[in-house]
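Have a look at the structure below, then the notes.
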Amino acid sequence: MSAKKDNRLAWGVTLLVFGCLFILKQIHILPSEFEPYVFDFKNYPLIMGVIFLFCHSNKNIGIVLIVVGLLFRLSDIIQLTRHISDFIWPVLLILAGAIMVFGKKK
C-alpha cells in the first residue's frame, strides 16, 4: 500500500470514529457516564494513536500519539498508581503461585 493511500486510510478512519462518536452523543445513544472520557481533549491523541497503530504502516505515528496522550494523562496515571506499592507483594505471590500451578511440568 502506498504511503499516501495509507495516510488517507488512517485519517479517514479517525474522522469516521470521531464523527460517529459525536453523532452518538447528539442523538443521546452514548451513555452519559462515558461522555467525560470520550470527549475530553486529553484522550484524543490516545484514540488517534490506537487508530494509527492499526491503520497506518508507519507505527511510529501511532506510538508518538499514544505517548503524547499518556503525557496529557500523566497526573491521572500518578494518582491511580499512588498506592500500587501496597499491591506489589501480593501480586508477585499470586504470579509465583500461578506459575507453579499452571506452568510447564518437566
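None of the values given here were measured: they were computed from a predicted structure.
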In terms of hydrophobic clustering (I, L, V, M, F, W, Y; side-chain heavy atoms under 4.5 Å; direct or indirect links), are [X] and [Y] co-clustered?
X     : Y     : answer
Val38 : Ile27 : yes
Ile94 : Ile99 : no
Phe41 : Leu21 : yes
Tyr37 : Ile78 : no

* Over 12 foreign heavy atoms within 6.0 Å of CG, Leu15 -> yes

Nearest 0.5 Å, what's the [atom1]-[atom2] distance between [X] and [Y]?
X     : Y     : atom1 : atom2 : result
Phe52 : Leu9  : CZ    : CG    : 9.5 Å
Arg73 : Gln79 : CZ    : CD    : 12.5 Å
Asn60 : Leu65 : CG    : CG    : 11.0 Å
His56 : Thr14 : NE2   : OG1   : 10.0 Å

* Structure fact -> What one should report as the nearest heavy-atom pair of Cys55 and Ala10 is CB-CA, 3.9 Å

* Between Phe39 and Phe22, what is the ring plane arrangement, given parallel below 30°, perpendicular above 60°, and tilted in between? -> tilted

* Under 4.5 Å between side-chain heavy atoms, chaining through other members, with only Ile, Leu, Val, Met, Phe, Trp and Tyr counted: pull out the rest of the cluster around Phe72, sorted by chain and number. =>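 Members alongside Phe72: Val64, Val68.
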
* Asked: Can you name the one residue among Val17, Leu16, Leu46 that meets side chain to side chain contact (heavy atoms under 4.5 Å, CB included) with Ile51?
  ->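 Result for side chain to side chain contact (heavy atoms under 4.5 Å, CB included) with Ile51: Val17.
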
